[in-house]
Amino acid sequence: VKPFTKDDLYAAIEVAVNNFGAQQAENNAHKGTDVVISDAIFIKQESLFVKVPFADILFIKSDGVYLEIHTCDDKRFIHRETLKNMVNLLPENMFFQVHRSYIINTRHISALNSEFVVVGKEPVPISKSQKETLLQKLHLL
């Protein structure tokens, strides 16, 4: 609708990106496959959408409805989403929820023990209920 402002345009783009992501996740759920259409997630930072490749994500920490996405190059992005929704958008072959507040990229695990997983250089807590499943996923059991 004319006239429109820059903020109206940014809001429309954000809605379109979110709708597209939700539609792709729904399509993948119906197919029952782990195929990911895209290899990245777009995160809104001020007035820009920044592309963050899945391969660059170390771990994701939940803080209510906000997520802190930590990357290999020591960047931290804040994204408004629940951890439950995010885990459904991420490729299962790369990511695993180790705790009620954390998702890790299994390709960046450098060490682990019974209490935490070291992802990159950061220790991430692991819940007792997820420890065995993670070990199976990593073919350590």
Side-chain angles (χ1 to χ4, degrees), residues 1 3-141:
V1 178
F4 56 88
T5 65
K6 204 185 320 185
D7 290 337
D8 293 337
L9 184 60
Y10 291 138
I13 292 170
E14 182 175 10
V15 168
V17 168
N18 286 333
N19 287 343
F20 179 76
Q23 181 183 17
Q24 294 302 320
E26 184 177 316
N27 289 343
N28 287 341
H30 285 95
K31 290 178 188 173
T33 65
D34 294 337
V35 176
V36 177
I37 302 296
S38 175
D39 62 345
I41 185 170
F42 284 89
I43 305 202
K44 186 175 180 183
Q45 296 292 299
E46 297 176 18
S47 63
L48 296 173
F49 285 93
V50 179
K51 182 178 180 180
V52 180
F54 291 143
D56 290 351
I57 297 174
L58 291 174
F59 66 93
I60 301 170
K61 179 182 177 185
S62 173
D63 186 15
V65 295
Y66 290 96
L67 301 175
E68 290 180 15
I69 300 172
H70 296 260
T71 62
C72 296
D73 53 358
D74 292 328
K75 290 184 181 175
R76 186 178 67 117
F77 298 96
I78 304 297
H79 184 59
R80 191 175 197 289
E81 185 69 74
T82 63
L83 198 66
K84 182 179 179 181
N85 290 342
M86 181 59 79
V87 79
N88 291 329
L89 295 174
L90 297 170
E92 290 180 25
N93 62 339
M94 289 179 72
F95 292 92
F96 184 76
Q97 185 171 355
V98 293
H99 187 272
R100 67 178 177 199
S101 299
Y102 289 91
I103 299 171
I104 63 167
N105 187 335
T106 57
R107 296 177 182 180
H108 290 288
I109 294 175
S110 54
L112 65 108
N113 67 17
S114 62
E115 297 176 16
F116 60 88
V117 178
V118 179
V119 183
K121 296 178 184 177
E122 289 287 325
V124 174
I126 182 170
S127 68
K128 292 178 184 177
S129 63
Q130 293 296 75
K131 180 174 53 174
E132 188 173 326
T133 308
L134 178 63
L135 292 174
Q136 289 174 348
K137 183 176 177 105
L138 298 173
H139 305 291
L140 297 174
L141 272 185

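Fair warning: this is a prediction, and the values are worked out from it, not measured in the lab.
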Do you know the tightest heavy-atom contact between F116 and P123? CD1-CB, 3.7 Å
Quick one: closest heavy-atom pair of K137 and F95, and the distance? NZ-O, 3.9 Å
How many angstroms lie between atom CD1 of I41 and atom CD of E81, to the nearest 0.5 angstrom? 7.5 Å
Nearest heavy-atom neighbours spanning I60 and L67: CG2-CB, 3.9 Å
Could you check if a side-chain atom of H99 sits within less than 4.5 angstrom of a side-chain atom of Q130, using non-hydrogen atoms only? no
With a 4.5 Å cut-off on side-chain heavy atoms, are L134 and L138 touching? yes
If you define the side chain from C-beta out and look only at heavy atoms, does anything of I104 sit under 4.5 Å from I126? no
Side-chain donor/acceptor of D8 to backbone N/O of T5, under 3.5 Å: yes
Measuring from atom NZ of K131 to atom CG of L112, what distance do you get when rounded to the nearest 0.5 angstrom? 10.0 Å
Using side-chain heavy atoms (C-beta onward) and a distance below 4.5 Å, is C72 in contact with L58? yes
Under the salt bridge (charged side-chain N to carboxylate O under 4.0 Å, His left out) rule, collect the residues that match up with R80, sequence neighbours excluded. none
Working for side-chain hydrogen bond (donor to acceptor under 3.5 Å, both in side chains), residues T71 and D73: CA-CA 5 Å; T71 62; D73 53 358; 2.5 Å; yes
Please tell me if the side chains of F49 and I13 come closer than 4.5 Å, counting only heavy atoms from C-beta onward. yes
Result for side-chain contact (heavy atoms from CB on, under 4.5 Å) between I43 and one of V17, I78, V52 points to V52
Does the side chain of H108 reach to within under 4.5 Å of the side chain of N105, using non-hydrogen atoms? yes
I need the full list of salt bridge (charged side-chain N to carboxylate O under 4.0 Å, His left out) pairs touching residues 107-122, with sequence neighbours left out, sorted by first then second residue. none
First locate atom CD of Q97, then atom OG of S62, and finally report the distance between them rounded to the nearest 0.5 Å. 8.5 Å
Taking it one step at a time, do V98 and V124 satisfy side-chain contact (heavy atoms from CB on, under 4.5 Å)? CA-CA 8 Å; V98 293; V124 174; 3.9 Å; yes
Got a donor-acceptor contact below 3.5 angstrom from the S101 side chain to the K61 backbone? no
In terms of heavy-atom contacts, S110 and G120 come closest through OG-O, 3.0 Å
Scanning both residues in full, the closest heavy-atom pair of L83 with R100 reads CD2-O, 3.2 Å
Heavy-atom side-chain proximity of H79 to Y66 below 4.5 angstrom: no
Parallel, tilted or perpendicular, judged at 30° and 60°: which one describes the rings of Y102 and F59? tilted
E68 side chain to D63 main-chain N or O, any donor-acceptor pair under 3.5 Å? no
Quick one: are L90 and M94 in side-chain contact, heavy atoms under 4.5 Å? no
